[in-house]
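By convention in this document, chain letters (A, B, ...) are assigned in the order of the sequence lines, proteins followed by strands, and residues within each chain are numbered from 1.
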Amino acid sequence: MPWTNTAASPISRSPVERRAFFGSIPMNSDLFAVVRARVLAALAAVAGALPGEILERVEVTPAREALHGDLASNAAMVAAKAAGQRPRDLAAALAAALATAPEIFQAEAAGPGFLNIRLRPEALHAMLPAILRAGEAYGDGAIGAGERVNVEYVSANPTGPMHVGHCRGAVVGDALANLLRKAGYKVTKEFYINDAGAQVAALAWAAYWRYLQALGTTLTEAEFDALAPAGLQYRGDYLIPVGAELAARFGDKLATPGAFPADPALWFDAVREITVAAMLAEIRADLDRLGVAQEIFTSEAALVAKGATEAAIARLEAAGLIHEGVLAPPKGKLPEDWEPRPQTLFRATLFGDEVDRPLKKSDGTATYFANDIAYHADKIDRGFNVLIDVWGADHGGYVPRMKAAVAALGAGRVVFEALLCQIVHVVKSGQPVRMSKRAGSYITLRDLIEEVGRDAVRFIMLTRKNDAQMEFDLDQAVAQTRDNPVFYVQYAHARARSVLRHAAEQGFATAPEALAEAALGSLNDPAELALIRRLSAWPRLVEGAARAREPHRIAFFLYDLASDFHILWNRGREAAALRFIQAETPLETGARLALVAATAVVIRSGLAVMGVTPVEEMR
RNA sequence: GCGCCCUUAGCUCAGGUGGAUAGAGCAACAGCCUUCUAAGCUGUGGGUCGGUGGUUCGAAUCCACCAGGGCGCGCCA
């Protein structure tokens with residue numbers, strides 16, 4: 001069956017179809033997409049036009065067992081009903097129709113109606129030059145279709161150094177943003193500075209205490225604690241330098257004689273501003289250590305100051321989504337000071353939330369939610385279609401109301417998604433690690449990075465699904481063994497680069513352009529072909545991980561890829577024919593070097609998404 | 001009390017949106033190191049996918065109920 005285009009066919013719009021013939025598979029090709037197009041064409045030929053919902057469900061996946069071939073498709077089982085045929089029969093017809101497809105060596109029906117596909121070795125081989133020519137851009141996708149996504153992450157109160165909890169959100173958010181970008185979304189990385197509200201006020205008081213201490217106050221910590229409106233909440237050492245800076249700048253002008261507290265009206269704004277700036281600088285330095293750099297920093301206080309909260313509430317009001325009402329008391333144990341009270345409420349229930357949500361506190365100021373509505377309205381106004389917030393799991397209860405608010409403000413054009421990160425327990429030698437030298441009550445990001453290094457922090461933070469709790473094992477993170485995934489993957493890359501360096505020293509051409517021209521027919525060992533199959537799955541993996549918003553899949557893929565590569569490397573010890581560099585067979589060596597170089601490319605492509613360094617050598 | 005998340009090998013965890021006989025590392029057991037980097041390698045054993053029902057050609061995956069763990073439940077963010 002010749003490959004023909006049908007104008008009405010859904011696949012005629014696919015870029016795949018323009019590459020039609022074998023031998024012209026272009027850069028960035030996705031082997032799975034190519035074969036899927038073949039299967040869909042066969043389906044159209046055998047069963048005629050089928051509804052789009054059916055065609056969408058047709059998958060081409062890696063074969064689970066090598067016995068089954070290279071790829072498998074569920075096409076016959078999915079389409080059987082609509083096609084009016086039994087799955088087995090349809091699969092057999094599809095197999096016959098696929099026999100002439102240039103990539104396919106053999107197709108056969110199996111099991112309940114699977115289509116097992118064995119590729120021509122040339123089709124697998126052709127992936128290597130495609131990968132080498134594309135470089136790290138291999139795997140770039142188009143599923144984002146240029147959609148504009150805002151990924152907001154970290155977004156901590158600027159009240160102290162970042163700790164491990166923030167760190168997980170930072171890594172997950174950053175990797176997710178990179179992943180979406182790779183999949184073809186237009187992504188903005190953003191940080192929301194929660195510099196308004198009670199926590200920041202408490203911070204200012206805590207910094208003021210350090211200021212008084214710097215002046216030599218005789219007041220005790222307990223006395224100050226009793227005196228501050230919300231108590232002394234931030235007691236870590238990290239505010240001592242801020243107190244010293246305040247003393248250096250203002251002398252004793254912010255205190256009464258004897259270094260006792262003065263009227264807050266005299267000092268509060270100045271102290272808060274300077275302290276928040278200092279904390280923000282600290283956080284940005286921490287992010288920098290972690291290799292995270294958001295493009296946009298938005299200040300809650302600045303939004304409030306320019307009236308964004310009132311404006312957002314007015315927008316909701318104009319849409320009839322605000323009312324005054326009395327909420328029922330919360331179920332379960334009642335807060336002690338509970339009393340029914342009329343409040344300004346957002347009609348979140350119209351958008352799927354359980355209750356309407358308050359926008360004003362009893363003192364008339366805006367709730368955090370009201371300010372957050374203003375912030376998300378701001379993001380919507382900046383033209384994003386998808387707003388993704390990365391939060392701690394303790395904010396889970398907050399998701400439905402935010403979703404409701406974005407639905408209300410975005411007129412159905414904008415979706416809100418939240419990624420919740422569960423807690424991280426740091427352990428060393430099987431024992432929980434809790435205290436930090438600097439911050440007192442928690443482990444700082446800085447401690448963690450100093451202990452195990454940035455790459456280990458980033459990689460290991462991505463070795464769990466974001467919504468599963470995680471143990472971060474400090475011993476494992478620095479181990480140079482297979483059970484340390486960071487090491488294992490970086491070592492695979494270093495090994496590949498090392499082989500290429502040795503080859504170059506022996507006079508082999510190792511530039512990607514040169515290797516892309518290598519004759520590859522000699523690559524036919526199962527371990528070599530398994531590695532190529534893995535490399536071929538990279539674009540598909542990127543697409544799936546991006547759709548599911550699951551950056552951790554990259555980590556597992558790279559681990560498996562590293563494993564395939566190490567296996568091949570090790571097999572060279574027994575089977576001399578598999579050793580990469582063999583001076584007496586330069587053509588075959590060229591083929592193997594192409595495989596090695598392509599492996600390095602894909603590892604680099606994946607590490608780039610994770611923000612982990614592809615090391616060139618480990619000594 | 002209600003809502004959300006989690007429960008997969010002895011341990012830590014994957015499982016690509018419903019596919020074929022459920023996978024990996026560690027630990028255990030048996031072999032192996034004269035080599036492009038042994039910073040290990042090969043093989044074996046190991047499972048009631050928390051439980052019970054349901055949906056369909058087919059369920060670890062979807063639904064209902066139950067058990068255990070985590071998080072949350074107006075004026076904190």
Over all strands shown, is [X] touching base, sugar-phosphate only, or nothing at heavy-atom distances under 4.0 angstrom?
X: A:Tyr398; answer: base
X: A:Tyr368; answer: base
X: A:Arg86; answer: nothing
X: A:Glu543; answer: nothing
X: A:Arg464; answer: sugar-phosphate
X: A:Asn371; answer: nothing
X: A:Gly197; answer: sugar-phosphate
X: A:Pro112; answer: base
X: A:Leu420; answer: nothing

Any strand: nucleotide that pairs with [N] via Watson-Crick or wobble, under 3.5 Å:
N: B:rA28; result: B:rU44
N: B:rC76; result: none
N: B:rC71; result: B:rG3
N: B:rG19; result: B:rC57
N: B:rG50; result: B:rC66

query = So does A:Asp70 pair up with A:Arg118, basic N to acidic O under 4.0 Å?
reply =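 Salt bridge: no.
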Beyond-backbone contact of A:His493 with A:Val489, side-chain heavy atoms, under 4.5 angstrom =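 The answer is no, as the side chains (C-beta and beyond) never meet within the 4.5 Å cut-off.
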inquiry  = When you compare the side chain of A:Pro112 with that of A:Met77, does any pair of heavy atoms fall below 4.5 Å?
reply    =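 In contact.
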Plane angle bin for A:Tyr192 and A:Tyr375 - parallel if under 30°, tilted between 30 and 60°, otherwise perpendicular =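 A:Tyr375 vs A:Tyr192 ring planes: parallel.
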query = Should the pair A:Arg592 and A:Phe580 be classed as cation-pi, given the thresholds of under 6.0 Å to the six-membered ring centre and 45° from the axis?
reply =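 Cation-pi check for A:Arg592 and A:Phe580: fails.
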So does [X] get a side-chain nitrogen or oxygen closer than 4.0 Å to the phosphate oxygens (OP1/OP2) of [N]?
X: A:Lys465; N: B:rG15; value: yes
X: A:His502; N: B:rU37; value: yes
X: A:Arg357; N: B:rC73; value: no
X: A:Ser498; N: B:rU37; value: yes
X: A:Arg553; N: B:rG16; value: no

query = Do the side chain of A:His552 and the base of B:rA14 come within less than 3.5 angstrom through a donor-acceptor pair of N or O atoms?
reply =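 Per atom types, no contact qualifies.
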query = Does the B:rU17 base have a donor-acceptor partner in the side chain of A:Arg547 within less than 3.5 Å?
reply =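 Looking at the base of B:rU17, it does not pair with any donor or acceptor on the side chain of A:Arg547 (distance under 3.5 Å).
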key: Shortest side-chain distance from A:Pro62, nucleotide among B:rG16, B:rC71, B:rA77   =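 Given the options B:rG16, B:rC71, B:rA77, the side chain of A:Pro62 is closest to B:rG16.
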